[in-house]
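Contents: one structure, followed by commentary.
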Amino acid sequence: MSITLPGPTLGVVGGGQLGRMLAEAAAPLGVDLVVLDPTPDCPAAPVAADQIVGDFDDADAIDELAARVDALTFEIELADPDVLAAASEEHGVPVHPDPATLETIQDKLVQKEALADAGIPIPEFVAVATAEGLERVVEEFGGVMLKAREGGYDGRGNVPVETPDEAVDALDAVGGAAMAEEFLDFEREIAVMGLKGADGETRTYPVTETVHREEILRESVSPARADDAVVAEAESIAHDVLEVLDGRGVFGIELFETRDGGVLVNEIAPRPHNSGHWTIEGARTSQFENHVRAVLGWPLGPTDLVAPAVTANLLGDVEETRPATLRNVETILDAPDADLHWYGKDDVYPLRKMGHLTVTERGVDSPNDGEADRDALVSQARELRNGLTFREE
């Protein structure tokens, strides 16, 4: 392949914070982004070359996008795989990851079935259609996590069900077809950002520990504070998962480390993922740059860790929706090893992801050692994050 600059134009369905960071990563490569998003002046708009205003499944808007670009991708699972495939064929532009992969992942039950068929270790699961069926499953499993089969993020669409008499309300809460998973007594949640390039080449970023509260990611710790055997198993499983998925790009693979040192796959995102934001400062090539490279069929960048890193999400700490003004930002700018990423969202509401900060440890001889140092990084990241607020003081 001979690559020249200026480079191609990449079309992205979705213009949220992931689209914004894709555009930031693409620009130094000479790649322009055109994003499609229903929100005028979406977060990606200030850094992308252009925005098409349209719904994620708007066939006309996606057709317009495909006509203007050299390749297509998406940063949100609400994209319509059939529409993407049709636009790709009509305009002769590739779309990655493969729309068939997106279709599989959009339905959590279908996703779990595909993983099970491939022999990937996963929690026990079962489809649920009625309250009576859910009651039986709860009794059999001793409690379950009920998940909406489609949609849902940051804990939305997930309802813990501990007793049979909670079944009716739980099904009402998820509002449609559902899947029940066994409750796991896990040691920690971990994630691997997997990468597929041209000719089936696969790479993984170092295993990351993800810290959730109220089912929302609060911090990520890289490398994970896990035993070497667990790390090796997570990396092996991630490569197996990548073999199941078609198309190029970055895949966020979320996993559980069980109490006995086992590793089970939780969910997969066919795109850059919050669990991999640390790669901007902590890896040789960020997940966003590598997604752009992979989708375009360019050589992949190294995924090596360059510094232990902890990312802390900046969430809305207000009680109701209001215009977003983040206060005390100077505390981050004064910290020598902290980097701030603002997502450009106009409004803040409770627990909305508005940005993140990453704290890195520089000059470490052996970045896989020093769990106590990572503990200190976590404390530092939390302290810096907790000093920021959207509330009026």
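All residue numbers refer to positions in the sequence shown, counting from 1.
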Do Ile237 and Val265 have side-chain heavy atoms sitting under 4.5 Å apart? yes
Could you walk me through whether Thr101 and Asp246 pass the side chain to side chain donor-acceptor pair (under 3.5 Å) check? CA-CA 6 Å; Thr101 293; Asp246 293 326; 4.8 Å; no
salt_bridge(Lys112, Glu181) N-O dist < 4.0 Å: yes
Salt bridge flag under 4.0 Å for residues Lys147 and Glu267: yes
Counting only heavy atoms not in Glu320, do more than 12 sit closer than 6.0 Å to its CD atom? no
Looking only at non-hydrogen atoms, find the nearest pair between Gly387 and Asn328 and report the distance. O-ND2, 2.9 Å
When you measure from the side chain of Asp260 to the backbone N and O of Gly262, does any donor-acceptor pair fall under 3.5 Å? yes
Donor-acceptor contact below 3.5 Å, side chain Glu219 vs main chain Thr210: no
May I ask you to decide whether Glu132 forms a salt bridge with Arg136, counting only side-chain N to carboxylate O separations under 4.0 Å? no
What are the two closest heavy atoms between Ala178 and Val174, and how far apart are they? CB-CG2, 4.1 Å
Looking only at atom types and distance, does a side-chain atom of Asn266 sit under 3.5 Å from a main-chain N or O of Phe256, one as donor and one as acceptor? no
Note: Glu187-Arg259 ion pair, threshold 4.0 Å (strictly below): yes
May I ask you to decide if the ring planes of His356 and His341 are parallel, tilted or perpendicular, using 30° and 60° as cut-offs? parallel
Does any N or O in the side chain of Arg218 come within less than 3.5 Å of the main-chain N or O of Arg213, such that one atom is a donor and the other an acceptor? yes
Checking Gln287 against His273: is there a side-chain donor and acceptor pair closer than 3.5 Å? no
In this structure, are over 12 heavy atoms from other groups packed under 6.0 Å from Asp172 atom CG? yes
Kindly say whether Thr358 contributes a backbone atom to a donor-acceptor pair with the side chain of Thr311 at under 3.5 angstrom? no
Can you see whether His239 engages Thr202 through a side-chain donor-acceptor pair at a distance of less than 3.5 angstrom? yes
Taking all non-hydrogen atoms of both residues into account, name the closest pair between Thr163 and Val138 and its distance. C-CG1, 3.7 Å
Under a 3.5 Å threshold, yes or no: a donor from one side chain and an acceptor from the other, between Ser222 and Trp278? yes
Min side-chain heavy-atom separation Leu109-Phe125 under 4.5 Å: yes
Within a radius of less than 6.0 Å around CZ of Arg327, do more than 12 heavy atoms belonging to other residues, nucleotides or ligands occur? yes
Does the pair Arg352/Asp347 count as a salt bridge with the N-to-O cut at 4.0 Å? no
Output yes when Arg248 and Asp98 qualify as a salt bridge under the 4.0 Å nitrogen-oxygen rule, no when they do not. no
With a 4.0 Å cut-off on N to O distance, would you call Arg284 and Asp304 a salt bridge? no
For the pair Asn290 (side chain) and Gly301 (backbone), establish whether a donor and an acceptor sit closer than 3.5 Å, ignoring hydrogens and angles. yes
Indicate yes or no: at least one non-hydrogen side-chain atom of Leu134 is less than 4.5 angstrom from one of Val144. yes
Any luck finding a side-chain donor-acceptor pair between Thr73 and His291 under 3.5 Å? yes
Is it true that atom CD of Glu201 has more than 12 heavy atoms of other residues, nucleotides or ligands lying nearer than 6.0 Å? yes
Are the side chains of Phe56 and Phe74 in contact, using a 4.5 Å heavy-atom criterion? no
Pair Glu319 + Arg391, salt bridge at N-O below 4.0 Å: no
